[in-house]
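Below is one structure, written out as structure tokens; the observations come after it.
The structure displayed is predicted, hence computed values, not measured ones. Basis for what follows: all heavy atoms, side chains included, without hydrogens, waters or symmetry-related copies. Sequential numbering from 1 along the given sequence is applied to the chain's residues.
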Amino acid sequence: MTAHDSTPRTAPPATPLTAAGLTEAWRSMGVREGMALMVHSSLSSLGRVEGGADAVVASLRAAVGPTGTVVVPAFTGSVVLDPHPEHTGVPTPEIAERRAAVPLFHPAMPSPMGAIAEALRALPGSLRSPHPQASVAAVGAQAERITARQSLGDAVGRESPFGALHELDAHVLLLGVGHNRNTFLHYAESLAPAPRRKLRRFPMAVAGERVWIETIDVGNDNDTHFPVVGREFEERAGIRPALVGTAPCRLLPVRRLIPFAVRRLGELLAADGAGSVRQ
């Protein structure tokens, strides 16, 4: 255990976790009826769960109730991806063939964001935002509002599901994962004075024609600053992890997290001299 690791340590539960038991655990952490909840998760971190990912999704939906909303990342950045981002100009036949094999995004496209996220995305009635690489899936009372808008550039910025969740006073549930998986820190960085930037490239169908789109978005952190900012926010806000099964879990209020993260990331990025555009 490091000096900053306050995660409780217990033996794995003798019996599998159940949907009812998980709902009780989320409620004990502070999840409430009507809450909009953004969930970043690792199913394996929980240990044995009776019913697997479907049971976890059911427990989250039960915890927020019929007036609440559960949201998960449904990103496809590793799927709808230019295989030759370094190539400019007219492509060779070989490059053109590889690019032609990249699938177009569609709402039913599976996401590699983990079993819990994929189970929610596949639910009947689940809605998905339209971005080819940075979509989210949502179920519940505010699902339509959350998934309705998402700009192609700055896909996690103000005009995105994350902006809508911020407006809705949402919470983030980190279920067995760290702040390196907390997309709201990308959202916070998009609001900072000099964010890191990257180029996104993906195919889209425009007026019946397949074209490649280039847009600028907030850059990747690669575990540089997000773990630090997340830990510092938890310390300031008095947030301690709760052990659910074998998973350390954290519930974070977005409206308190964002101003802290914008300021702190601004300081760290200014010290780095960040702001360059990267592939």
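- With sequence neighbours excluded, no residue forms a salt bridge (Lys or Arg N to Asp or Glu O under 4.0 Å) with R32.
- With sequence neighbours left out, the salt bridge (Lys or Arg N to Asp or Glu O under 4.0 Å) criterion links E97 to no other residue.
- Side chains of H225 and E189: no donor on one and acceptor on the other come within 3.5 Å.
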Give every donor-acceptor pair under 3.5 Å between a side-chain atom in residues 164-176 and any protein atom, sequence neighbours left out.
unit_1: H166; atom_1: ND1; unit_2: Y187; atom_2: OH; d: 2.9
unit_1: E167; atom_1: OE1; unit_2: R145; atom_2: NH2; d: 3.2
unit_1: E167; atom_1: OE2; unit_2: R149; atom_2: NH2; d: 3.1

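- Ionic pairing of D221 and R181 is not present here: no N-O contact between side-chain nitrogen and carboxylate oxygen is shorter than 4.0 angstrom.
- N180 contributes no side-chain N or O that, together with a main-chain N or O of D223, makes up a donor-acceptor pair within less than 3.5 Å.
- Among residue pairs with one or both ends in residues 33-46, those qualifying as salt bridge (charged side-chain N to carboxylate O under 4.0 Å, His left out) are R27-E33; sequence neighbours excluded.
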Show me the donor-acceptor pairs, under 3.5 Å and distance only, between side chains in residues 49-68 and residues at least two apart or in other chains.
unit_1: S59; atom_1: OG; unit_2: W26; atom_2: NE1; d: 2.8
unit_1: S59; atom_1: OG; unit_2: V56; atom_2: O; d: 2.6
unit_1: T67; atom_1: OG1; unit_2: G34; atom_2: N; d: 3.4

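- Enclosure of atom CD in E24 is not indicated, since only 12 or fewer non-hydrogen atoms of other residues, nucleotides or ligands lie within 6.0 angstrom.
- Side chain of N222 to backbone of T224: no donor-acceptor contact under 3.5 angstrom is found.
- For the pair R128 (side chain) and A74 (backbone), a donor-acceptor distance under 3.5 Å is present.
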Using atom types as modelled, flag every donor-acceptor pair under 3.5 Å from a side chain in residues 113-125 to any protein atom, sequence neighbours excluded.
unit_1: E118; atom_1: OE1; unit_2: S111; atom_2: N; d: 3.0
unit_1: E118; atom_1: OE1; unit_2: R121; atom_2: NE; d: 2.9
unit_1: E118; atom_1: OE2; unit_2: R121; atom_2: NE; d: 3.1
unit_1: E118; atom_1: OE2; unit_2: R121; atom_2: NH2; d: 2.7
unit_1: R121; atom_1: NH1; unit_2: A108; atom_2: O; d: 3.4

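- A salt bridge links R263 with E267; the closest basic N to acidic carboxylate O contact falls under 4.0 Å.
- Other residues, nucleotides and ligands contribute over 12 non-hydrogen atoms within 6.0 Å of the CZ atom of R210.
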